[in-house]
Amino acid sequence: MITAPTRRGLATAAHRIPPLTGPILATFCVGTSGHAVAGLLPSLIAELHTSGVVAAQLATVFAAICGLAGPLLAVATGSWERRQLLAVCLLTLSAGDLLVAAAPTYTLLVAGRVLTALGAALTTATAVGLAARTVAPTRSSPAIARTLTGLTLSLLLGVPGAAAVASVAGFRIAMALIAALCAGAAVVVAATAPTAAAPPEQGLRERLAAAARPGVAGVLGGGILTWTSTGAVYPYLALLLGTHRGSGVPIGVYLAAYGLGAVIGTLAAGHLIDRFGPRAVLLGGSGSAAAALFLLDPATANPVTTLLVVAAWGAAAWSAAPPLNAWLSDLGDNRTTPLLLSLGGGIVYLGMGIGGVLGGALTDHAGPTWLPMAAAALALAGCLPLSAARTSPAIRSH
């Protein structure tokens with residue numbers, strides 16, 4: 001039985017936790033849950049007695065369901081209070097991860113990834129919206145940026161950490177720990193995040209109609225090719241590096257290098273947008289990602305050069321997120337900007353899902369060494385619609 005003094009003590013402790021803690025933890029959890037398969041691949045292959053391509057499709061299922069279910073779930077939960085919605089999303093993530101940890105068959109593993117994806121589909125957008133409510137309107141942009149760092153920190157700490165646990169104890173223990181992390185984050189959100197009423201309700205047709213605004217199709221088209229490029233390689237990184245490396249460097253170290261690059265690229269892009277505008281930053285990031293991917297296969301002759309190239313690729317790939325959001329925001333208005341941002345988040349997952357399918361097919365037929373070249377071509381192809389896309393007058397010309 002919890003006594004009154006204990007309840008008061010818990011309330012006081014919760015009050016001392018910064019209100020952004022919950023949203024940041026939420027994005028960290030969704031990033032770790034979503035990308036964990038890249039680090040768990042060796043353990044999945046060994047324990048499931050399956051091929052790397054089949055195991056990596058667990059990442060593809062997650063990304064595809066996120067991209068497709070997001071708009072539908074946004075409509076279905078449009079009237080929910082935001083703190084409650086974020087807590088439910090995290091608990092759904094936890095349930096999906098637990099199912100993956102306990103699943104005796106590959107079919108149930110896929111079912112677990114589908115459940116995880118349904119929880120993830122709204123987590124980031126809800127966390128960002130909730131973070132904006134914790135501060136004054138003039139401070140909303142820094143609060144949103146801090147919340148999104150949870151995604152890149154998951155690549156730096158969460159995914160490599162899960163890989164390290166899986167290498168010792170197996171993927172099931174790693175997924176169970178991620179499930180516990182998600183459940184804990186739900187408790188933190190429920191205890192510390194502010195309540196926030198649902199935004200004005202929008203129908204699915206109105207959400208999708210925002211994509212018809214001038215310039216939006218080019219930005220979304222270039223963005224989806226950019227993220228398809230990333231999704232074609234990242235889930236298979238363990239297979240790609242495993243064909244070359246004899247150094248004994250754990251895959252978690254390479255994933256951590258990628259995550260460190262992702263953090264640096266995201267932060268740097270945020271500063272560069274103010275100076276050069278989102279088009280230049282997005283094109284520069286896509287071109288740099290293509291260059292790093294071209295160098296990835298030759299670099300594997302030496303573990304140090306591999307780490308450097310993987311980090312550079314992570315920085316270039318994740319530098320796409322801030323300018324993509326900034327560009328879509330500038331192309332919208334007060335009514336359509338939230339809708340465009342939700343579409344932008346959806347194409348990240350959808351592109352990763354498409355990339356996973358393409359990467360799996362190429363690996364199956366030609367081997368993983370062809371992945372970087374194909375992904376580099378996709379990144380360069382994404383530059384074409386971005387170069388032609390219309391910009392808003394609000395976007396600076398440099």
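The chain is numbered in sequence order, starting from 1. Side-chain atoms are counted along with the backbone in the values below, which use heavy atoms only and exclude waters and symmetry mates.
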J.: Within a strict 4.5 Å, meaning less than it, do heavy atoms of the Trp370 and Asp297 side chains meet?
T.: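 With C-beta onward as the side chain, the pair stays apart.
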
J.: Rounded at 0.5 Å granularity, tell me how far CG in Leu85 sits from OG1 in Thr126.
T.: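 Here the interatomic distance stands at 4.0 Å.
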
J.: Without swapping roles, check the side chain of Arg113 against the backbone of Gly34 for a donor-acceptor pair under 3.5 Å.
T.: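 Yes, because the side chain of Arg113 sits within donor-acceptor range (under 3.5 Å) of the backbone of Gly34.
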
J.: Just how far is it from atom CG of Leu73 to atom CG of Leu118, taken to the nearest 0.5 Å?
T.: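 CG of Leu118 is found 6.0 Å from CG of Leu73.
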
J.: Checking side chain to side chain contact (heavy atoms under 4.5 Å, CB included) for the pair Leu48/Leu109: CA distance, chi angles, key distance, verdict?
T.: CA-CA 10 Å; Leu48 297 177; Leu109 278 172; 3.4 Å; yes

J.: State, to 0.1 Å, how close Arg172 and Ala102 come at their nearest heavy-atom pair, and which atoms those are.
T.: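 Minimum heavy-atom separation between Arg172 and Ala102: NH1-C, 3.7 Å.
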
J.: For the backbone of Ala299 and the side chain of Thr306, can you confirm whether one donor and one acceptor N or O come within less than 3.5 Å of each other?
T.: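 Yes, Thr306 side chain to Ala299 backbone: donor-acceptor pair under 3.5 Å.
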
J.: Is the closest side-chain heavy-atom distance between Val253 and Pro160 below 4.5 Å?
T.: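 No - every pair of side-chain heavy atoms lies 4.5 Å or more apart.
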
J.: Would you say Leu91 ends up clustered with Val100 if hydrophobic residues are merged whenever their side chains have heavy atoms under 4.5 Å apart, either directly or through other cluster members?
T.: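 Different clusters.
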
J.: Considering only residues two or more places apart or on different chains, which pairs with a residue in residues 283-304 satisfy ring-ring contact (aromatic ring centres under 6.0 Å, His included)?
T.: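 Applying ring-ring contact (aromatic ring centres under 6.0 Å, His included) to every pair that reaches into residues 283-304, excluding sequence neighbours, yields nothing.
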
J.: Which pair of non-hydrogen atoms, one from Ala190 and one from Arg83, has the smallest distance, and what is that distance?
T.: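 Shortest heavy-atom contact: O-NH1, 3.6 Å.
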
J.: Compare all side-chain heavy atoms of Val88 with those of Thr92 and state whether any distance is below 4.5 angstrom.
T.: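 In short, these two side chains touch, coming nearer than 4.5 Å.
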
J.: My understanding is that only residues two or more places apart in sequence, or in another chain, count here; which of them pass side chain to side chain donor-acceptor pair (under 3.5 Å) with Ser33?
T.: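 With sequence neighbours excluded, Ser33 shows a side chain to side chain donor-acceptor pair (under 3.5 Å) to Asp97, given in chain and number order.
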
J.: How long is the gap from CG on Leu358 to OG1 on Thr228, to the nearest 0.5 Å?
T.: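 Those atoms lie 7.0 Å apart.
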
J.: Within the 4.5 Å heavy-atom criterion, are Pro322 and Ile273 side-chain neighbours or not?
T.: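 Yes, close enough: below the 4.5 Å cut-off.
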
J.: Below 4.5 Å, heavy atoms only, C-beta onward: do Thr266 and Thr149 meet side chain to side chain?
T.: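 No, side chains not in contact.
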
J.: Please answer whether the main-chain N or O of Ala316 pairs with a side-chain N or O of Ser319 as donor and acceptor at a distance below 3.5 Å.
T.: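 Between the backbone of Ala316 and the side chain of Ser319 there is a qualifying donor-acceptor contact (under 3.5 Å).
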
J.: Identify every side-chain donor-acceptor pair in residues 217-227 under 3.5 Å, counting partners at least two apart or on other chains, and give the distances.
T.:
residue: Thr226; atom: OG1; partner: Gly222; partner atom: O; Å: 2.9
residue: Thr226; atom: OG1; partner: Ser286; partner atom: OG; Å: 3.4

J.: In terms of hydrophobic clustering (I, L, V, M, F, W, Y; side-chain heavy atoms under 4.5 Å; direct or indirect links), are Tyr236 and Val357 co-clustered?
T.: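 They do not share one cluster, since no chain of ILVMFWY contacts under 4.5 Å joins Tyr236 to Val357.
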
J.: Can you give me the closest heavy-atom contact between Ala101 and Ala176, atom names plus distance?
T.: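 Heavy atoms only, the tightest pair is CB-N, 3.9 Å.
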
J.: So if you build clusters from Ile, Leu, Val, Met, Phe, Trp, Tyr with side-chain heavy-atom gaps below 4.5 Å, do Ile45 and Leu240 land together?
T.: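 Yes.
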
J.: Give, for atom CG of Leu122 and atom CZ of Arg82, the distance between the pair rounded to the nearest 0.5 Å.
T.: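 Interatomic distance, Leu122 CG to Arg82 CZ, rounded to 0.5 Å: 8.0 Å.
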
J.: Taking the side chain as everything from C-beta on, heavy atoms only, tell me whether Leu58 gets closer than 4.5 Å to Leu40.
T.: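 A side-chain contact under 4.5 Å is absent here.
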
J.: Which atom names give the shortest non-hydrogen contact between Leu296 and Leu237, and what distance separates them?
T.: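 Looks like CD2-CD1, 4.5 Å.
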
J.: Quick one: are Met373 and Leu293 in side-chain contact, heavy atoms under 4.5 Å?
T.: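 Not in contact.
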
J.: Kindly work out whether a path of hydrophobic side-chain contacts (I/L/V/M/F/W/Y, heavy atoms less than 4.5 Å apart) joins Tyr254 to Val309.
T.: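 Tyr254 and Val309: one cluster.
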
J.: Name all residues meeting the side chain to side chain contact (heavy atoms under 4.5 Å, CB included) criterion together with Ala183; count only those two or more places apart in sequence or in a different chain, and write none if there are none.
T.: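 Here the qualifying residues are Ser94.
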
J.: How many angstroms lie between CG in Leu68 and CD1 in Ile65, if you round to the nearest 0.5 Å?
T.: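 It is 6.5 Å, given to the nearest 0.5 Å.
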
J.: Is a side-chain donor or acceptor of Arg279 paired with a backbone partner of Leu386 at a separation under 3.5 angstrom?
T.: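 Here the side-chain-to-backbone pair exists.
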
J.: So how far is it from Thr123 OG1 to Leu86 CG, rounded to the nearest 0.5 Å?
T.: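 Taking OG1 in Thr123 and CG in Leu86, the distance rounds to 6.5 Å.
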
J.: Is there a side chain to side chain contact (heavy atoms under 4.5 Å, CB included) between Leu90 and Cys29? Walk through the geometry before answering.
T.: CA-CA 8 Å; Leu90 288 166; Cys29 287; 4.0 Å; yes

J.: Between Thr60 and Val37, does the side chain to side chain contact (heavy atoms under 4.5 Å, CB included) criterion hold? Intermediate values first, please.
T.: CA-CA 10 Å; Thr60 302; Val37 169; over 6 Å; no

J.: Show which residues join Leu177 in its hydrophobic cluster (side-chain heavy-atom contacts under 4.5 Å, direct or indirect), or state none.
T.: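 Leu177 clusters with Val165, Ile173.
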
J.: So Pro104 and Leu108, do their side chains get closer than 4.5 Å, heavy atoms only?
T.: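 Yes, side chains in contact.
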
J.: Of all heavy-atom pairs between Gly158 and Thr32, which one has the smallest distance, and what is that distance?
T.: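 Looking at all heavy atoms of both residues, the shortest contact is CA-OG1, 3.6 Å.
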
J.: I'd like to know if the side chain of Tyr106 reaches the main chain of Thr50, judged simply by a donor and an acceptor atom lying under 3.5 Å from each other, with no hydrogens or angles considered.
T.: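 Looks like no, no N/O pair under 3.5 Å.
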
J.: Check whether Thr27 reaches the backbone of Thr147 with its side chain - one donor and one acceptor, N or O, closer than 3.5 Å.
T.: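 Pair found, side chain donor or acceptor close to backbone of Thr147.
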
J.: When Ile, Leu, Val, Met, Phe, Trp and Tyr are grouped by side-chain heavy atoms lying under 4.5 Å apart, directly or through other members, which residues fall in the same group as Leu260?
T.: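 Leu260 shares its hydrophobic cluster with Phe28, Leu153, Leu156, Leu157, Leu181, Val263, Ile264, Leu267.
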
J.: Angle between ring planes, Tyr258 versus Tyr234, binned at 30° and 60°: parallel, tilted or perpendicular?
T.: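 Rings of Tyr258 and Tyr234: tilted, as their planes differ by 30° to 60°.
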
J.: Looking at every heavy atom in both Ala87 and Ala186, which two are closest together, and how far apart are they?
T.: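 Minimum heavy-atom contact is O-CB, 3.8 Å.
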
J.: Are Leu98 and Ile178 linked, directly or through other ILVMFWY residues, by side chains that come within less than 4.5 angstrom of each other?
T.: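 No; tracing contacts between hydrophobic side chains, which count when under 4.5 Å, never links both residues.
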
